[in-house]
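Step one of this worksheet: look at the structure below.
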Amino acid sequence: MSTKATKRTARVKPGQREEETLRVLISHKRIRERVRQMAQDIRRDFPNEPVHLVGVLKGSVLFLADLARELGGEVSFDFISVSSYGKGMDSTGEVKMNKDLDVSIEGRSVLVVEDILDTGLTLKYLLRLFEERKPKHLRVAVLLDKVERRIADVKADYTGFVIPNEFVVGYGLDYDERYRNLPDVCVVRLGPRGKTKIEA
Ligand code: PRP
């Protein structure tokens with residue numbers, strides 16, 4: 001696990017917004033290797049039982065898809081949608097339910113799958129909600145953890161990478177719905193000469 005950024009820099013292509021610069025923070029190769037290790041850790045803890053993955057839309061979709069393939073054994077999926085961010089790059093602290101789960105989690109071994117743990121407010125809300133529904137086990141896997149941003153007292157059981165407090169996109173994470181399809185996790189910088197503007 002490392003938070004060291006690579007020096008690789010890629011200007012966005014014509015047709016995209018010229019002033020945005022992406023810097024690869026975690027390459028897809030490193031993500032793939034780490035997801036494989038996480039799946040092994042999860043299967044070590046749940047060797048013989050079905051694991052019910054609960055993806056938190058939309059950022060977790062790529063991570064969940066890769067994690068599910070690495071897990072093997074009996075795996076099922078469900079998805080929930082909540083909003084925790086306002087527009088722009090900072091969290092509002094509000095959590096709102098947009099779409100609930102389709103099926104009951106009572107008696108199941110549930111693994112909540114998140115792309116990023118930031119303030120922790122979303123996860124705190126979800127854990128409280130899910131605990132009331134009496135799962136057999138309730139665990140959390142996050143790909144990225146911005147530990148220094150934490151407000152709520154929550155932590156993941158399985159963490160991919162601890163990252164610094166920079167705005168990241170790619171591998172499911174977006175900036176205004178763009179960049180989710182990038183294979184790497186990248187830092188977005190706005191403005192000339194790498195100067196970063198943070199917009200509320
Ligand atoms: C992101 C992420 C988590 C949440 C974490 O979702 O997927 O759900 O924010 O932030 P927190 O720890 O500060 O609560 P977002 O609201 O950006 O939605 P998205 O996954 O659809 O992009």
Side-chain angles (χ1 to χ4, degrees), residues 1 3 16-17 20 22 25-26 28 31 34-35 38 52-68 77-102 105 110-133 135 138-190 196-200:
M1 193 185 304
T3 59
Q16 294 181 304
R17 288 162 212 202
E20 292 175 9
L22 304 183
L25 183 67
I26 308 170
H28 186 64
I31 294 170
R34 186 72 190 117
V35 171
M38 292 174 81
H52 189 61
L53 303 182
V54 169
V56 185
L57 295 171
K58 306 172 206 164
S60 70
V61 168
L62 273 63
F63 176 40
L64 184 144
D66 286 344
L67 187 65
F77 307 160
D78 203 351
F79 295 92
I80 192 165
S81 173
V82 292
S83 301
S84 66
Y85 277 23
K87 282 198 169 173
M89 287 185 163
D90 211 353
S91 172
T92 63
E94 288 172 37
V95 180
K96 182 167 84 74
M97 166 86 79
N98 302 320
K99 179 214 166 292
D100 204 345
L101 298 174
D102 290 338
I105 57 169
V110 173
L111 183 67
V112 179
V113 180
E114 267 283 30
D115 52 337
I116 189 164
L117 188 49
D118 190 332
T119 64
L121 293 165
T122 305
L123 186 59
K124 188 171 183 175
Y125 169 88
L126 290 172
L127 290 177
R128 193 176 289 161
L129 182 75
F130 293 155
E131 269 158 13
E132 285 171 6
R133 299 178 181 184
L138 182 58
R139 301 282 164 83
V140 178
V142 300
L143 182 71
L144 307 173
D145 189 351
K146 281 188 185 176
V147 174
E148 64 191 272
R149 288 266 301 165
R150 196 76 83 257
I151 294 171
D153 181 23
V154 287
K155 57 184 179 184
D157 300 286
Y158 309 96
T159 301
F161 301 90
V162 173
I163 61 166
N165 184 21
E166 298 201 76
F167 197 88
V168 286
V169 297
Y171 197 66
L173 291 103
D174 73 309
Y175 175 39
D176 282 348
E177 297 300 327
R178 291 176 294 123
Y179 301 130
R180 291 193 196 274
N181 57 326
L182 295 177
D184 308 311
V185 170
C186 298
V187 174
V188 184
R189 291 187 185 275
L190 304 179
T196 307
K197 289 186 228 159
I198 307 294
E199 296 180 335

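Order of appearance sets the numbers: ligands from 1, and atoms from 1 within every ligand.
If you look at K146 next to ligand 1, there are no close heavy atoms at all, none under 4.0 Å. If you look at R149 next to ligand 1, there are no close heavy atoms at all, none under 4.0 Å.
Residue-ligand proximity, T119 to ligand 1, at heavy-atom distances under 4.0 Å covers atoms 11 (P), 12 (O), 13 (O), 14 (O). Near D115, meaning under 4.0 Å from one of its heavy atoms, ligand 1 places the atoms 2 (C), 7 (O). Near L121, with a cut-off below 4.0 Å to any heavy atom, the atoms of ligand 1 are 12 (O), 14 (O). The distance from ligand 1 to the heavy atoms of I116 drops below 4.0 Å at these ligand atoms: 2 (C), 3 (C), 5 (C). Using a 4.0 Å cut-off to heavy atoms of T122, the atoms of ligand 1 that qualify are 4 (C), 5 (C), 8 (O), 10 (O), 11 (P), 14 (O). Listed by number with element, the atoms of ligand 1 under 4.0 angstrom from any heavy atom of L57 are 20 (O), 21 (O).
Below 3.5 Å of separation, one finds no N or O of S83 facing any N or O of ligand 1. Taking any N or O of V82, backbone or side chain, none lies under 3.5 Å from an N or O belonging to ligand 1. Between D174 and ligand 1, an N or O atom pair is found at a separation short of 3.5 Å.
Residue N165 qualifies as enclosed at atom CG: its count of foreign heavy atoms under 6.0 Å is above 12.
Under the 4.0 Å criterion applied to side-chain N and carboxylate O atoms, D100 and R133 are assigned as salt-bridge partners. Checked for salt-bridge contact, K58 and E177 meet the test: a charged N lies under 4.0 Å from a carboxylate O.
Between L57 and N98, the closest side-chain pair of non-hydrogen atoms is not below 4.5 Å.
Legend: residues meeting side chain to side chain donor-acceptor pair (under 3.5 Å) with S60, ordered by chain and number and at least two apart, are absent. Listed by chain and residue number, R150 satisfy the side chain to side chain donor-acceptor pair (under 3.5 Å) test with D145 (two or more places apart in sequence, or in another chain).
Compare K96, K124, E114 by their heavy atoms: the one nearest to atom 8 (O) of ligand 1 is in E114.
How far CD1 of I116 is from CG of L173: 5.5 Å, rounded to the nearest 0.5 Å.
Taking the six-membered ring for Trp and thresholds of 30 and 60 degrees, Y171 and F63 have ring planes inclined between 30 and 60 degrees apart.
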